[in-house]
Amino acid sequence: MPNINKNIEFDCIVIGGGHAGAEAAHAAAKIGANTCLLTISKDTIAKMSCNPAIGGLAKGQIAREVDALGGLMGLATDATGIQFRLLNRSKGPAVQAPRAQTDKYKYKDYIRTMLEQTPNLTILETMAMEIIAENNIVRAVKCSNGITYNAPTVILTAGTFLRGMMHIGTHQFPGGRLDEPASNELSDSLRKIGLELGRLKTGTPARLDGTTIDYDKTEIQNGDENPVPFSFMNEKITQPQIPCWITYTNEQIHKIIRDNLHQAPLYTGQIQSTGPRYCPSIETKIVRFSDKDKHQVFLEPEDSEQTTIYCNGISTSLPKDIQEQILKLLPGTENARIVHYAYAIEYDYCPPIQLKSNMETKKISGLFLAGQVNGTSGYEEAAGQGIMAGINAARKLQNKEPLILRRDMAYIGVMIDDLLTKGINEPYRMFTSRAEYRLLLRSDNADRRLTTLGKSVGLVDSDRWSRFQNKLEQIDILKRYLKGNRRDGDSLWDLLRRPHSVLAEKLQDEEIVREMNLREEIIQSVIIEAKYEGYLAKQERLAAGMKTLENRNIPEDLDYNTISHLRYEARERLTEFKPGTLGQASRISGITPADITVIQIHLKKREGSKTEKRDSSDERRND
């Protein structure tokens with residue numbers, strides 16, 4: 001590592017060591033940028049400050065996409081997971097997704113070790129105080145250690161630290177996370193360089209001493225017998241799995257919460273910002289779903305020793321004494337010791353319509369944003385943005401075109417496009433329903449969608465590439481076998497396509513499968529392709545039809561007010577969002593197909609006018 005006292009010049013500086021920052025720093029450095037990761041403490045790199053779990057519906061797909069591109073999240077999850085489950089097994093492959101509880105201490109240690117072993121990456125323990133820009137170009141980052149580090153690219157992944165304010169009942173105190181300081185100066189510097197900031201809220205439940213819980217009063221929830229790995233580099237999970245447990249709230253708990261809403265910051269006006277709609281606090285659940293007499297609570301271990309338990313489902317900002325009363329009435333936790341209390345946190349974020357598709361800000365060249373600073377929620381969403389910001393910062397340094405994932409290519413692409421075109425007024429969470437091409441974006445084929453791209457940008461190493469090529473070859477051999485062999489007049493491929501196919505259940509018994517010792521992953525990939533061949537072809541045609549709009553760039557300097565016949569509302573919305581392509585413009589709320597047609601006609605006329613000017617200029621030179 002370089003000696004920082006002598007070398008304060010970097011190619012790329014990443015601010016924040018959370019899940020976005022870890023992936024961004026790893027990606028930029030591995031591609032070749034001399035990268036510096038600034039973090040308050042190395043001990044909190046990739047800290048799981050909320051639920052110690054990776055994956056879930058749609059989130060699992062993002063985690064696998066990060067892995068397919070050459071990121072860290074999947075490898076860390078497989079190495080430190082303590083319970084793995086494939087969700088929605090009984091449903092179609094489009095909505096199936098892996099999820100894993102992890103040992104949160106081992107997880108962050110794994111990521112830290114991987115970063116420390118990454119060439120071109122320096123990790124510094126200091127707090128970023130100010131992002132310095134000149135003439136709308138990022139120049140440097142000033143830190144609390146008194147040193148200013150220069151770099152032509154900066155990636156901000158500040159999480160909940162920007163002017164963070166924590167709430168427990170009427171008690172308010174500044175902080176970015178429990179026992180960690182807020183970053184007020186950095187927030188001020190973003191306003192100073194011209195970025196718009198907003199305010200959001202999130203929260204977390206209490207943690208309990210695992211030895212003080214009566215698990216006999218709860219329902220046990222075991223993991224899968226044959227766990228599905230997150231990383232395409234791993235064939236199986238070998239470490240022991242441990243269970244989670246389920247309990248339920250009751251009317252007594254609900255009454256206590258209703259009787260004490262006057263002490264809940266969400267209802268007293270103490271908290272002004274908007275929280276996550278799809279992960280509400282227990283007090284919000286009681287108010288919003290007043291007809292329900294109970295709510296499910298998952299008791300999830302935070303480490304392999306079950307030292308502490310995460311109470312998934314009762315996030316709250318109620319006072320400590322009310323939290324104690326709730327837990328004394330929750331079956332299984334009546335005598336549990338609280339390790340730390342639940343709290344809510346408000347923080348600044350940058351509305352993401354200020355971003356380009358490459359995660360770079362429109363206002364400041366070289367400044368990239370990733371993670372909760374863009375208004376998202378969740379480790380997976382953060383990691384997806386982080387790896388893309390890292391890739392594109394490195395490519396900017398290389399004077400190469402950015403890597404942009406379309407909506408038909410990845411959930412990461414769907415998420416980034418949503419952030420740029422829909423605007424954020426509450427924490428964004430990914431769902432399968434957000435993806436119109438979700439049958440193409442399955443968790444099983446993330447590598448076939450993205451690993452070639454990861455290789456092209458320099459993030460996929462030779463071991464991953466060799467394994468990927470071998471997988472493609474095995475899939476191709478099995479498909480050719482099925483299409484080339486017949487049974488009762490039909491090809492095995494056609495038999496496999498039939499509903500309730502017996503062959504699908506017994507494909508592992510076929511001679512070629514036994515001879516090649518094909519993994520279950522290969523077999524299932526081929527079965528899915530056969531069963532959904534018609535549907536997949538239809539979605540691919542729809543995606544191809546949209547590419548015309550997606551590939552049609554809109555000039556950054558286009559003045560929508562000069563476009564005749566464009567509606568006033570459309571001019572306002574387009575001027576606000578400044579979409580990069582016609583495809584993005586078409587997805588902005590309030591923009592109609594007729595508006596897109598008007599813009600297309602205008603762009604053709606504009607290009608024709610420019611061509612005439614060039615031709616006229618050439619004629620004058622010839623004269």
Side-chain angles (χ1 to χ4, degrees), residues 48 50-61 63-64 76-91 95-107 204-230 236-250 253 278-282 285 289 292-316 326-327 329-339 342 378-380 429 431-432 443:
M48 305 185 103
C50 199
N51 189 0
I54 296 295
L57 302 180
K59 291 171 173 284
Q61 281 89 331
R64 295 208 97 197
T77 303
D78 287 352
T80 65
I82 55 180
Q83 189 194 92
F84 291 77
R85 296 178 64 221
L86 183 65
L87 305 183
N88 280 345
R89 276 187 182 273
S90 62
K91 298 182 180 180
V95 294
Q96 291 179 0
R99 183 185 188 275
Q101 288 294 127
T102 65
D103 183 315
K104 70 177 187 179
Y105 306 107
K106 293 178 181 178
Y107 185 95
T204 190
R207 295 346 184 248
L208 306 179
D209 182 340
T211 64
T212 62
I213 295 174
D214 186 351
Y215 297 105
D216 290 337
K217 294 183 178 180
T218 66
E219 301 171 13
I220 193 167
Q221 183 191 53
N222 291 307
D224 290 344
E225 187 174 342
N226 296 305
V228 175
F230 269 77
K236 60 183 179 179
I237 303 299
T238 57
Q239 67 266 31
Q241 294 193 75
I242 62 177
C244 297
W245 299 268
I246 300 173
T247 185
Y248 297 89
T249 62
N250 50 53
I253 291 175
Y278 303 104
C279 189
S281 65
I282 186 61
K285 290 180 186 178
F289 307 108
K292 293 190 177 295
D293 58 8
K294 66 179 180 180
H295 291 280
Q296 200 171 50
V297 179
F298 292 89
L299 301 178
E300 300 172 333
E302 293 196 301
D303 60 289
S304 56
E305 303 300 321
Q306 304 172 44
T307 307
T308 55
I309 301 295
Y310 179 93
C311 301
N312 189 346
I314 52 172
S315 172
T316 186
I326 290 171
L327 289 166
L329 292 170
L330 188 68
T333 69
E334 296 92 340
N335 299 308
R337 184 180 72 86
I338 299 176
V339 176
Y379 309 139
E380 304 82 4
R429 180 178 177 181
F431 294 101
T432 54
S443 64

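No hydrogens, no waters, no symmetry mates; every other heavy atom, side chains included, goes into these values.
Residues Ala206 and Ala342 approach most closely at N-CB, 3.5 Å, considering heavy atoms. Listed here is the closest heavy atom pair of Cys311 and Leu208: SG-CD1, 3.5 Å. Shortest non-hydrogen contact noted between Pro301 and Trp245 is CG-CZ3, 3.8 Å. Contact record, Gly378 with Lys59: CA-NZ, 3.6 Å, taken as the closest heavy-atom pair. Scanning all heavy atoms of the two residues, the minimum distance from Ala336 to Thr212 falls at CA-OG1, 3.2 Å. Taking both residues in full, the closest heavy atoms of Ala53 and Met48 are given as N-CE, 3.8 Å, listed atom of the first, atom of the second, then distance.
Gln96 places a side-chain heavy atom less than 4.5 Å from the side chain of Leu86. A 4.5 Å side-chain heavy-atom check between Ile242 and Gln101 finds every atom pair outside the cut-off. Ile314 has its side chain within reach of Leu327: a pair of non-hydrogen atoms, C-beta onward, lies under 4.5 Å apart. Two residues are said to be in side-chain contact when any heavy atoms from C-beta on lie closer than 4.5 Å; Val297 and Thr249 meet this criterion. By the 4.5 Å heavy-atom criterion applied to side chains, Asp103 and Ile82 are counted as neighbours. For the pair Phe230 and Pro98, the minimum side-chain heavy-atom distance is below 4.5 Å. A heavy-atom distance below 4.5 Å is not found between the side chains of Lys236 and Pro227.
With Thr308 as reference, Asp303 is the one residue of Asp209, Asp303, Thr211 to meet the side-chain contact (heavy atoms from CB on, under 4.5 Å) rule.
Within the 3.5 Å criterion, the main-chain N or O of Asn222 finds no donor-acceptor partner in the side chain of Gln241. One N or O on the side chain of Gln239 and one on the backbone of Asp78 form a donor-acceptor pair closer than 3.5 Å. In this structure a side-chain-to-backbone donor-acceptor pair under 3.5 Å is missing from Tyr215 to Ile220. For the pair Lys285 (side chain) and Gly313 (backbone), a donor-acceptor distance under 3.5 Å is present. Using modelled atom types, one side-chain atom of Glu380 and one backbone atom of Gly55 make a donor-acceptor pair closer than 3.5 Å. Looking only at distances, no side-chain donor or acceptor of Tyr248 sits under 3.5 Å from a matching main-chain atom of Asp293.
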Please walk me through it: do Asp224 and Arg89 pass side-chain contact (heavy atoms from CB on, under 4.5 Å)?
CA-CA 11 Å; Asp224 290 344; Arg89 276 187 182 273; 3.2 Å; yes
Intermediate values then yes/no, side-chain contact (heavy atoms from CB on, under 4.5 Å), Asn250 and Lys294
CA-CA 5 Å; Asn250 50 53; Lys294 66 179 180 180; 5.8 Å; no
Before you tell me yes or no, could you show the steps for Tyr310 and Cys50 under side-chain contact (heavy atoms from CB on, under 4.5 Å), namely the whole-Å CA-CA distance, both residues' side-chain angles and the distance that decides it to 0.1 Å?
CA-CA 8 Å; Tyr310 179 93; Cys50 199; 3.2 Å; yes
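One finds the OG1 atom of Thr316 at 8.0 Å from the CD1 atom of Ile282 (value rounded to the nearest 0.5 Å). Of the inter-residue distances, the one linking Tyr107 atom OH with Thr77 atom OG1 reads 4.5 Å to the nearest 0.5 angstrom. Here CD of Gln83 is found 11.5 Å from OG1 of Thr102. Values are rounded to the nearest 0.5 Å. Here the OG1-CG distance, from Thr247 to Leu330, works out to 4.0 Å after rounding to the nearest 0.5 Å. In this structure, the separation between CZ on Phe84 and CD1 on Ile54 is 10.5 Å, given to the nearest 0.5 Å. Interatomic distance, Leu57 CG to Thr432 OG1, rounded to the nearest 0.5 Å: 6.5 Å.
With sequence neighbours excluded, the residues satisfying salt bridge (Lys or Arg N to Asp or Glu O under 4.0 Å) with Arg207 are Glu302. Not a single salt bridge (Lys or Arg N to Asp or Glu O under 4.0 Å) links Asp214 to another residue, sequence neighbours left out.
Ion pairing of Glu300 with Arg99 is present here, as a side-chain N (NZ or NE/NH1/NH2) and a carboxylate O approach within less than 4.0 Å.
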